[in-house]
Amino acid sequence: MSDQAKAGRRKASSPSAARAPSGLTINVTDGTLIPGSGEKSILSAWNIAFFGALAAIIILPIVSPQPYLEVLAFVPDGLAATFTVTVVSIFFALILGLLAGMGRVAKAKPINLAATVYVEVVRGIPLLVQLFYIYYALGPLLHLKGPASAIAAMSICYGAYMGEIFRAGIQSIPKGQMEAALALGMSRTQALWRIILPQTVKIILPPIGNEFIALLKDSSLVSILAISDLLRRGREYASVSFKFLEAYTIVALIYLIMTLFFSRLVGVMETRLRTHGKRHH
Amino acid sequence: MENGIIRIRDARKSFGRVEALRGIDLEIAKGEVALIIGPSGSGKSTLLRCVNRLEHLDSGEIWVGDDCVTSPRANIRKIREEAGMVFQNFNLFPHLTAGQNIALSPVIVLKEDRTDANARARELLARVGLADKEDSYPEELSGGQQQRVAIARALAMKPKIMLFDEPTSALDPEMIKEVLDVMLDLAKEGMTMMVVSHEMGFARAAADRVVFMDEGRIVESGPPDELFANPREERTRSFLNHIL
């Protein structure tokens, strides 16, 4: 394999570190650990957490069905709301992120500036504040209904993070690729769509998977608004029955099982991309 | 050589405080093969990259045929269609097969029919001796094979001139010949070629002229046999002593 391919692969694991000036980078995220096949300690920690949570959520309702089974029966429509908010938000966040990322690498100054301002503003405001702002302040102004404004807020926030992922992905592609495309007479837009972005996809899929998991967790913030997501359903149950421990235990277990499941999925995907990434058969 | 297909007049270019080009005048006639040699940092690659405007000149003019490359109103995409470029690191598109690498820009830039473009890609692959590699991805090819695909990719745009930026410098010695053979064929067919390279064998076999550059200037130029045997300038002599 050529050096270029090796470099590309090394970058693949950490696009955010692609532009670090020196060799030393420390990658710390608030995301879940992504267990790859090579990392035994993370994998066994994952096994303990995942199967422990699974066992707890099965055994608790069997041992004492009174509150636990009741909670379990009470929250599924909240789970559906959580998923809807997450999936729809990630969809719009991807579109916004692609635009922001392309804007951040654009040659045209105004576009570049607009994208950068968007990213900086959004990243500087806590998600909860953004949710309140769009839900209570802008929502009535723009005639957005409850769930729509919650989804808008989540999309706008995560679009900025996605934008940074797209930017890092685009910038991790060797400069020679753009030059070769331009030298063949392609426009910058053609080169971006035909040459750069297809190569970027493999690099940014794992970080996008991480963002999906982070968004799944952050979607619990919408429970503060009038949306009956998983957390809010748990709270509703608890406030009526006063069984706080039992209700929130089940809610926490469900979140944990979901995020662990998806982080494993992202890990498998990352390994796949690493081993077969260059083949397209 | 008043009607050179490439005409460079007083080309100047700086990168920050480094003057890469300090006033270059050069004309390359239609069908001529010009080899540009010189120590690293002499500005030869920069000069080549200014011809299709991958780099912008600070001052001076470059013309390719009837088009002024350095004019802000230049139709740079048309000029780039007419000027094929081959890079040191091949720069093949890793997500596309050899055939797709070649056929892509004729389809999306020249709006050629896809079937025609694919047929022509096969033709070009056969021409560079890689008829059986149409469906191979770049990573499955050796460096020499990749560079031959890159040459075929540039030829697919039916260029009037070809620019080679150190086409063999990244290759293992045993692969250099296969690339030079393709370039030699191209030279024999009458292609106008501007080649940045230190391949003296290629210079003797195919070059009409060798241009020696140092510190952003052309020190001297002449037919290869003459320049190699009797360099007029001391600077040229000492450089040739190092690489011959």
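We name chains A, B, ... by the order of the sequence lines, and we start the count at 1 in each one.
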Side chain from CB out, backbone as N, CA, C, O: work out which of these in [X] comes under 4.5 Å of a heavy atom of chain A, or both, or neither.
{"X": "B/Arg49", "value": "side chain"}
{"X": "B/Ala170", "value": "neither"}
{"X": "B/Leu104", "value": "side chain"}
{"X": "B/Phe93", "value": "both"}
{"X": "B/Leu54", "value": "side chain"}

Basic-acidic side-chain contact under 4.0 Å: B/Glu123, B/Arg127: no
Ion pair present between B/Glu27 and B/Arg9, side-chain N to carboxylate O less than 4.0 angstrom? yes
Apply side-chain hydrogen bond (donor to acceptor under 3.5 Å, both in side chains) to residues B/Thr97 and B/Asp135 and explain how you reach the verdict. CA-CA 5 Å; B/Thr97 63; B/Asp135 296 323; 4.9 Å; no
Starting from the C-alpha separation in whole Å, work towards a yes-or-no answer on side-chain hydrogen bond (donor to acceptor under 3.5 Å, both in side chains) for A/Asn112 and A/Thr116. CA-CA 6 Å; A/Asn112 194 311; A/Thr116 310; 3.3 Å; yes
Could you have a look at B/Arg153, B/Lys78, B/Glu82 and say which one has the most heavy-atom pairs with chain A under 4.5 angstrom? B/Arg153
Could you tell me which non-hydrogen atom of B/Leu96 sits nearest to which non-hydrogen atom of A/Ile195, and how far apart they are? CD1-CD1, 4.5 Å
